[in-house]
Structures are given as structure tokens and as C-alpha cells.
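Computed from a prediction, not measured in an experiment: that's the story for all the values here. For ligands, and for the atoms within them, numbers begin at 1 and follow the listed sequence.
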Amino acid sequence: MVQFTLNGRRVSFEGSGSRRLLDVLREDFRATGTKEGCGEGECGACSVLIDGDVVDSCLVAVGQVEGRDVLTIEGLSSPLQQAFIEHGAAQCGICTPGMLLAAHVLLQRTTRPSADDVREALAGNLCRCTGYTKIIEAVLSCGT
Ligand code: FES
Ligand code: FES
């Protein structure tokens with residue numbers, strides 16, 4: 001059994017600890033906001049926060065999160081979400097949960113990031129649709 005905190009709630013997973021966290025989140029906990037893109041740690045669509053750090057959940061076995069704190073997009077409440085809507089920063093939306101989580105961590109660590117800070121923070125999150133400009137604008141609008 002693997003026990004961890006998911007979006008602020010203590011949860012238990014009874015299956016194999018070697019299953020991918022991505023699959024357990026989507027299939028067992030219905031946290032389907034976490035997306036699969038490449039499945040190889042390249043695209044960031046599967047990003048979640050583990051103890052506050054951005055991690056590709058396709059590369060993590062669920063057994064590795066024993067006792068840890070996992071946040072998915074379902075647990076995020078941030079002005080970034082409204083900003084993405086207002087700036088048209090989401091199109092197909094596959095990248096969006098990971099973008100939001102990575103941007104959230106950036107804003108926690110850097111209250112007024114530059115455009116370069118945003119580009120760097122989102123470098124592990126690929127987007128095929130938006131050209132990034134609107135995403136960067138949305139994140140910058142949330143700097144304080
Ligand atoms: S699906 Fe995990 S990084 Fe692409
Ligand atoms: S909105 Fe489609 S991949 Fe980013």
C-alpha cells in the first residue's frame with residue numbers, strides 16, 4: 001500500500017508501487033487533468049507538484065510518493081487560471097495543467113518574474129498550439 005497526500009487529502013493506493021504515478025492519478029483517483037503527452041519526460045503535460053516541486057509524473061513510480069504531498073491541477077487555486085482564460089493562453093489545453101503548475105511554482109518563488117524567468121520556468125512544458133506568447137503574458141500579469 002502507498003499512502004500519500006493528494007490535493008490536501010490523505011489517500012491510500014492498494015496496487016503495485018511500480019505503476020506510473022501518472023496512471024494512478026488518472027485511472028485510480030480520476031485526476032484526469034494530468035495529461036499524457038510523450039510519456040518520456042520531454043513534454044511536461046503530466047506535470048504535478050511533489051512536495052512543491054514540478055515533476056513529470058510519467059517518470060515517477062507511485063511507490064516513490066509514499067508519505068509525500070502531491071498536488072495536481074485539480075488542487076490548484078490560483079489567479080493564473082483566470083489569467084490564462086483572459087489572455088487566450090489555452091487552446092487544446094493538453095499543456096495547460098502543467099503550464100499552470102509550473103507557473104504557480106515560479107510565482108511562489110519569484111513574486112515579480114521577468115519574461116525570461118517565465119520562459120525558463122516553463123522550459124520543460126511544451127505547447128504545440130499557442131506560440132507561448134499568450135502564456136507568458138498571462139503569467140506576467142499575475143506577478144505582484
Ligand atoms: S507525458 Fe510526461 S513529460 Fe511528456
Ligand atoms: S494549448 Fe495545445 S499544447 Fe498548449
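- Not a single donor-acceptor pair under 3.5 Å links the side chain of E36 to the backbone N or O of A45.
- Between the D69 side chain and the D51 main chain, no donor and acceptor come within less than 3.5 Å of each other.
- Atom 2 (Fe) of ligand 1 has no N, O or S atom of C38 under 2.8 Å away, backbone or side chain.
- A donor-acceptor pair is defined here as one N or O able to donate and one able to accept, closer than 3.5 Å; no such pair exists between the side chain of Q82 and the backbone of P79.
- Between atom NZ of residue K134 and atom NE2 of residue H87 there is a gap of 10.5 Å, rounded to the nearest 0.5 Å.
- The structure places CD of Q64 at 13.0 Å from CZ of R20, a figure rounded to the nearest 0.5 Å.
- Which parts of ligand 1 touch G41 is read off a 4.0 Å heavy-atom cut-off, strictly below it: atoms 3 (S).
- Seen from atom 2 (Fe) of ligand 1, atom SG of C58 and atom SG of C46 lie 100° apart in angle, a value rounded to 10°.
- Those atoms of ligand 1 that come under 4.0 Å of a heavy atom in G39, given as number and element, are 1 (S), 4 (Fe).
- Atom numbering of ligand 1 starts at 1 in the shown order; those under 4.0 Å from a heavy atom of E42 are 3 (S).
- Under the 3.5 Å distance criterion, the side-chain polar atoms of Q3 are left unmatched by any main-chain donor or acceptor of S12.
- Among protein residues, Q91, C92, G93, C95, C127, R128, C129, T130 come within 4.0 Å of ligand 2, judged on heavy atoms.
- For D56 (side chain) and E42 (main-chain N/O), no donor-acceptor pair under 3.5 Å exists by modelled atom type.
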Check: residues 118-129 side-chain donor-acceptor pairs under 3.5 Å, at least two apart:
| from | atom 1 | to | atom 2 | distance (Å) |
| --- | --- | --- | --- | --- |
| R119 | NH1 | D116 | OD1 | 2.6 |
| N125 | ND2 | G44 | O | 3.3 |
| N125 | ND2 | S47 | OG | 3.4 |
| N125 | ND2 | G98 | O | 3.3 |

